[in-house]
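Numbered from 1 within each chain, the chains take letters A, B, ... in sequence-line order.
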Number of protein chains: 2
Amino acid sequence: MTQAVRKHSDRVQRRSHAERTAETRRKIIDAVVDSISDVGFQNTTAAEIVRRAGVTWGAAQHHFGDKDGILIAVLEDSFGHFARRLDDINQKGTSLEKRIDLFIDRAWEHFGGAEYRSTFEILLNFAGSDQSQPESVWQSEMSQAWQRIWTRIFSDVQIKRQRARLLQQYTVSVLTGLASTQMLGKANTQDNLDQLKLVKDTLYRELRDQSKK
Amino acid sequence: MTQAVRKHSDRVQRRSHAERTAETRRKIIDAVVDSISDVGFQNTTAAEIVRRAGVTWGAAQHHFGDKDGILIAVLEDSFGHFARRLDDINQKGTSLEKRIDLFIDRAWEHFGGAEYRSTFEILLNFAGSDQSQPESVWQSEMSQAWQRIWTRIFSDVQIKRQRARLLQQYTVSVLTGLASTQMLGKANTQDNLDQLKLVKDTLYRELRDQSKK
DNA sequence: CAATTTGCATTGCAAGCGCTATGCAAATGG
DNA sequence: CCATTTGCATAGCGCTTGCAATGCAAATTG
């Protein structure tokens, strides 16, 4: 009989505050990403977020303060994820062409996903609300991460700083454009791959003559 | 004395209903574009629109029914404007390179402006609200206009239909991406021009070997 | 000219939104 | 074990939003 009692109490798992906090925050942030992707920013109300997260407003309030607090947390999380994704690229001993491939494909994993969409829509909304730091801080941090990875992956390429910057921006524009098309509900995987190939070709052409191979 | 009376009544200008309608609609549509560009979609409330237009809700209600009606009218207007802008391209007797130049620059006039931003944000919101026809109709009409102009301008280019379609899409992606960056408040004219040059180069490279010159 | 139609202004309302405040539950630390 | 802190649920509120309804002004028509 005590064996049966023991088994029952093991089911009520005691969790630390840190664990509970992490899980609740995770649920809320994921709910935002899911909601924006599904019903757009306008319909992603505080009520919708907590409904999707399976918590109540009290929990969100406790952890994030208000709706903007939630949205800012989503940006931070997304940015961190983006940077880690790019940092993971293992280009050791590969050709220039292969490196470009890896770089673009990995970046597209980010731009093509629900996470980027939520980031984009949040930033767009912030830009519309006031021209204050939230968006420019993220933009700047993202650019820095982008450049840092670029410098690492193409360290052997002798190219003017100005030109490198332009190519970085151009790549971001293409990826953002592709993502935008996707957001508007018109997506075709093969089309995306073909377009990615075009930007890869542009990069290859620009960088190959300056590469030590 | 009758001369003075005559002069006075000339100041109260009688306008036809058609004139009044056209002006009121123009004001409201322009107000939407202005508002979205200035404060974003979320803050572009019905109240904000009529305030900027200098009319009252009754006028908007009469002409457009509801807020969605206004937004759809903005899309129609923008699409028409886009098509006319592209139709205006005079490429007679110019080189391939020059034609690409004209095409991209004219298109950027559209994508880089407040009008496209409002279109984009409206479509994005519609996509988030329901996956119904409004956005796919415009997307499709816009693609058709784009292809029609492309075919006219590059009529001498022998290129596979599939490849032409890809290049068209790619161009739209770049332009959309540039526009997005602008929407997020980070714009630099020279950077934009440099990026446009890159896409022009890509087009030129792809099309020149198939051109009769 | 008068009746009718169209254009526009005003008022008020139902619903939704973000979030303050309060209180109970769960975990922590002494 | 108990006091304290942290996590979360609930209730309610003020404000905003979109828009239905009504009535007056301006243009049109016969």
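For the OP1/OP2 pair of dC8(C) and a distance below 4.0 Å, the side-chain nitrogens and oxygens of T24(B) include at least one atom meeting the criterion.
Taking only side-chain atoms of V55(A), from C-beta outward, the nucleotide of dG7(D), dA9(D), dT28(C) with the closest atom is dA9(D). Set against dT28(C), dC19(D), dA9(C), the side chain of D66(B) has dC19(D) as its closest nucleotide. Among the nucleotides dC19(D), dG7(D), dG7(C), the one closest to any side-chain atom of K67(B) is dC19(D). Ranking dG18(C), dC19(D), dA9(C) by closeness to the A59(B) side chain, first place goes to dA9(C). Comparing dA9(C), dA27(D), dT10(D) by their nearest atom to the side chain of T56(B) picks out dA9(C). Side-chain proximity of H62(A) to dT28(D), dC8(C), dG7(D): nearest is dG7(D). Nearest to the side chain of H17(B), among dC8(D), dT5(C), dA11(D), sits dT5(C).
Between R14(B) atom CZ and dG7(C) atom C1' there is a gap of 14 Å when expressed in whole angstrom units. For E23(B) and dA27(D), the CD to P distance is 12 Å, given to the nearest whole Å. As a whole-Å value, the separation of R51(A) CZ from dG16(C) P is 14 Å. Straight-line distance from the CD atom of E19(B) to the C1' atom of dA26(D): 13 Å, rounded to whole Å. Distance E48(B) CD to dT17(D) P: 9 Å, rounded to the nearest Å. Residue W57(B) contributes atom CH2, which lies 22 Å from atom P of dC24(D) at whole-angstrom precision. Taking atom CG on N43(A) and atom P on dT17(D), their separation rounds to 16 Å, with Å as the unit. One atom, CZ of R25(A), and another, P of dT6(D), lie 15 Å apart when rounded to the nearest Å.
E48(B) and R51(B) are joined by a salt bridge, as a carboxylate oxygen and a charged side-chain nitrogen come within less than 4.0 angstrom of each other.
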ask   = Checking side chain to side chain donor-acceptor pair (under 3.5 Å) for the pair D66(B)/Q61(B): CA distance, chi angles, key distance, verdict?
value = CA-CA 6 Å; D66(B) 55 13; Q61(B) 177 182 346; over 6 Å; no
key: From CA spacing to verdict: side-chain contact (heavy atoms from CB on, under 4.5 Å), Y170(A), D194(B)   = CA-CA 9 Å; Y170(A) 183 73; D194(B) 290 340; over 6 Å; no
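Annotation: F103(A) is in aromatic contact with W146(A) [ring centroid separation under 6.0 Å].
At most 12 non-hydrogen atoms from other residues, nucleotides or ligands lie less than 6.0 angstrom from CD of Q147(B).
Nearest-nucleotide assignment on DNA chain C puts the 5′-proximal partner with R15(B), out of R15(B) and Q42(B). Comparing D68(B) and Q61(A) along DNA chain D, the residue whose closest nucleotide (by nearest heavy atom) sits nearer the 5' end is Q61(A). Comparing R20(B) and G65(B), the nucleotide of DNA chain D nearest to each residue sits closer to the 5' end for G65(B).
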